Amino acid sequence: MLTIYNTLTRKKEDFVPINPNEVRMYVCGPTVYDYFHIGNARSFIMSDVLRRYLEYKGFNVKYIMNLTDIDDKIIKKANEEKISAKQVAEKYTAAFFEDLEKLKVRRASIHPKATEHIHEIIDFIEQLEKNGFAYNVNGNVFYDVAKFNEYGKLSGKKLDELDAGARVDVNEEKKNPLDFSLWKKAKEGEPFWDSPWGKGRPGWHIECSAMSCKHLGETFDIHAGGNDLIFPHHENEIAQSEAANKKKFVNYWIHFGFLNINNEKMSKSLGNFFTARDVLKLYSAESIRLLFSQTHYRGPLEFNDELLESAKRGLEKFDNLIDKLSLLPNPLPKGEGISPNFDFQSYYKNFEAAMDDDLNTPQAVAVLFDFVRDVNKTIAENENLPPEFYLNVKEFLSKTAQGVLGIIDLEKSDIQGGSIEKELIELLIHLRNDARKEKNFALSDKIRDGLNELGIELKDSKDGTTYKRAKK
RNA sequence: GGCGCUGUAGCCAAGUGGCCUAAGGCGGAAGUCUGCAAAACUUCUAUUCGUCGGUUCGACUCCGACCGGCGCCUCCA
């Protein structure tokens, strides 16, 4: 049974979806005004892991991630770059999908855009007006926080306390400083849409309520996002959706911890961030995903080169085993060998137990490392293993390490390939081994060192010489 | 000020009232292999869980105090 820590109840709960075999989940996506940073990537990756694990468990997952493609930051960027807001959004939307793909994050079922749901958003605001939760002041429409009794139930804040602590950003039009914009009146030169309240554009929070409702229904299973969205964003979504639909909005709220640099939150405003695409220039998606998987999703995650490097090194254990598998004859000889005493089921069981426990990926990763070690031992201790053994190893890694966590790529063995490059390397290895037979070590070492400089490492073993390419 | 999180080996990081004299990764050490090397593989690497008290037959795990770190309360994954 999968358990999930629910921010709403502050407890770990059994996960029971509304429909038995289906999970509907919504994750807050990016505002497309810039490249996203590696801290944002954590949310995308961990959401992806959650989605993959739900599928592993047999659920049919309907996964929505929105794109905020109209907003103050986009308009600001457009003015800076002297292009339209639409062009900014298009540019960074394309970049967003490119980066996701490089991170091996699977696309959501649908990535709805705010600007393509203006109609739904307007309907939603009208419903709020009708229910008495919204008020219009000169074309600006606000949500009346005081009308929603349960305001603060997600973040554990109380209205009066919030009021006291709220930083004064005086907006004369608001009844309460905590009221937030549902519809913003267009200023001169800003993009706008026609509405019952005049020309304007939607506020930030309303798009998620409108789009989740359209694509997932009034009540759905999981809503996820970064810790900093708890308040006010998710709190406001609840206020909007529950006030409009008069129904519970979301059953399970999941929030991801931050990425820290030197024990400090990575953020655009602090300037201590790396874009995902820059990190990807130096490290593979698998390295990044392993690093993220080695910390529980709710806790803070320390991020630096040394840790990325150690994740990359850790990955080599998997890669070496994958290389071993890829060197086996294809197809494997049938029915030969003695079955070792190797209990694959217990590894599946342990992996699932870890993941079921509020997505304890560090524990799950530990199970995978144990698995690799035990497989290596078994291979070393048994001369004549049956083909099923290797097939089972591959299947296990394929389902868990690759399928759920995405920390390995079974199709991409370094040893594989069919290019001329491969043939040249093999020719050099032959020449070198001839030199070694003649004890011409000066020449053989020269070849080895030369290849090394090109990023190709030779490995001599009993069964011959193999090579691998240096990796990210 | 309000609310919340957190302190485990050189670094990162799970975990639990007795199976913990504490997973896993990196780093370090030794061994196997090797012409040498690298790599690989194997083994070892915290008598101890921020400090001090308390509860308990028993705590690192529960409670209290103290010290330290972080976050939200404002756009933010």
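All values below were derived from every heavy atom in this structure, side-chain atoms included, with hydrogens, water molecules and symmetry-related copies excluded. Note that the structure is predicted; figures quoted are calculated from it, not measured. Naming convention: chains lettered A, B, ... in sequence-line order (proteins, then strands); numbering from 1 in each chain.
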Answer with base, sugar-phosphate or nothing: what part of the nucleic acid does A:Met46 contact at a heavy-atom distance below 4.0 Å? nothing

Non-hydrogen atoms of A:Asn6 and A:Asn251 that approach each other most closely: ND2-O, 2.8 Å

Can you check whether A:Tyr252 and A:His223 have ring centres sitting under 6.0 Å from each other? no

Is it true that A:Asp99 and A:Arg277 make a salt bridge, defined as a side-chain N closer than 4.0 Å to a carboxylate O? yes

Please tabulate the protein-to-nucleotide N/O contacts below 3.5 Å involving nucleotides 41-44 of chain B, giving atom names and distances.
| residue | atom | partner | partner atom | Å |
| --- | --- | --- | --- | --- |
| B:rU42 | OP1 | A:Arg373 | O | 3.2 |
| B:rU43 | OP1 | A:Lys377 | NZ | 3.0 |

A:His117 ring center near A:His215 ring center (under 6.0 Å): yes

Heavy atoms under 4.0 Å, any strand shown: does A:Phe256 hit a base, just sugar-phosphate, or nothing? nothing

Indicate, with a heavy-atom threshold strictly under 4.0 Å, whether A:Leu307 touches base, sugar-phosphate, or nothing. sugar-phosphate

Is there a side chain to side chain donor-acceptor pair (under 3.5 Å) between A:Asp357 and A:Gln363 once you walk through the steps? CA-CA 9 Å; A:Asp357 182 15; A:Gln363 185 61 48; over 6 Å; no

All side-chain contact (heavy atoms from CB on, under 4.5 Å) counterparts of A:Lys175, not counting sequence neighbours: A:Tyr135, A:Asp144, A:Lys147, A:Asp179

What nucleic acid atoms does A:Gly257 come within less than 4.0 Å of, heavy atoms only: base, sugar-phosphate, or nothing? base

What is the minimum heavy-atom distance between A:Ser43 and A:Gly225, and which atoms define it? OG-C, 4.5 Å

Who passes salt bridge (Lys or Arg N to Asp or Glu O under 4.0 Å) against A:Glu286, sequence neighbours left out? A:Lys104

Please tell me which of the listed nucleotides, B:rA13, B:rC75, B:rG35, lies nearest to the side chain of A:Phe441? B:rG35

Under 4.0 Å between a side-chain nitrogen and a carboxylate oxygen: does that hold for A:Asp72 and A:Arg201? yes

Against the side chain of A:Arg10, the closest entry in B:rG4, B:rA14, B:rC36 is B:rG4

Could you tell me which residues satisfy side-chain contact (heavy atoms from CB on, under 4.5 Å) with A:Lys399, sequence neighbours excluded, listed by chain and number? A:Tyr56, A:Tyr348, A:Glu395

Strictly below 4.0 Å, heavy-atom distances to any atom of RNA chain B: list the hits from residues 26-40 of chain A, or just say none. A:His37, A:Gly39, A:Asn40

Check: A:Phe342 ring centroid to A:Phe344 ring centroid under 6.0 Å: yes

Note: contacts of residues 258-265 of chain A with RNA chain B (heavy atom, under 4.0 Å) are A:Phe258, A:Leu259, A:Asn263, A:Glu264, A:Lys265

In the strands shown, is B:rC44 matched to any nucleotide by a Watson-Crick or G-U wobble pair with both distances under 3.5 Å, and which? B:rG28

Per the atom types in the model, does the base of B:rA38 pair as donor or acceptor with the side chain of A:Arg448 at under 3.5 Å? no

Establish, with yes or no, whether the OP1 or OP2 oxygen of B:rG15 is under 4.0 angstrom from a side-chain nitrogen or oxygen of A:Asn360. yes

Look at the side-chain N and O atoms of A:Arg313 and state whether any lies under 4.0 Å from the OP1 or OP2 oxygen of B:rG27. yes

Option from A:Leu50, A:Val49, A:Val367, A:Thr400 for which side chain to side chain contact (heavy atoms under 4.5 Å, CB included) with A:Met355 holds: A:Val49

Please pick, from B:rG25, B:rU74, B:rA14, the nucleotide with the shortest atom-to-atom distance to any side-chain atom of A:Phe369. B:rG25

Measure from the side-chain heavy atoms of A:Ala366 and tell me the nearest of B:rG2, B:rG24, B:rG35. B:rG24

Base, sugar-phosphate or nothing for A:Asp445? Non-hydrogen atoms, less than 4.0 Å. base

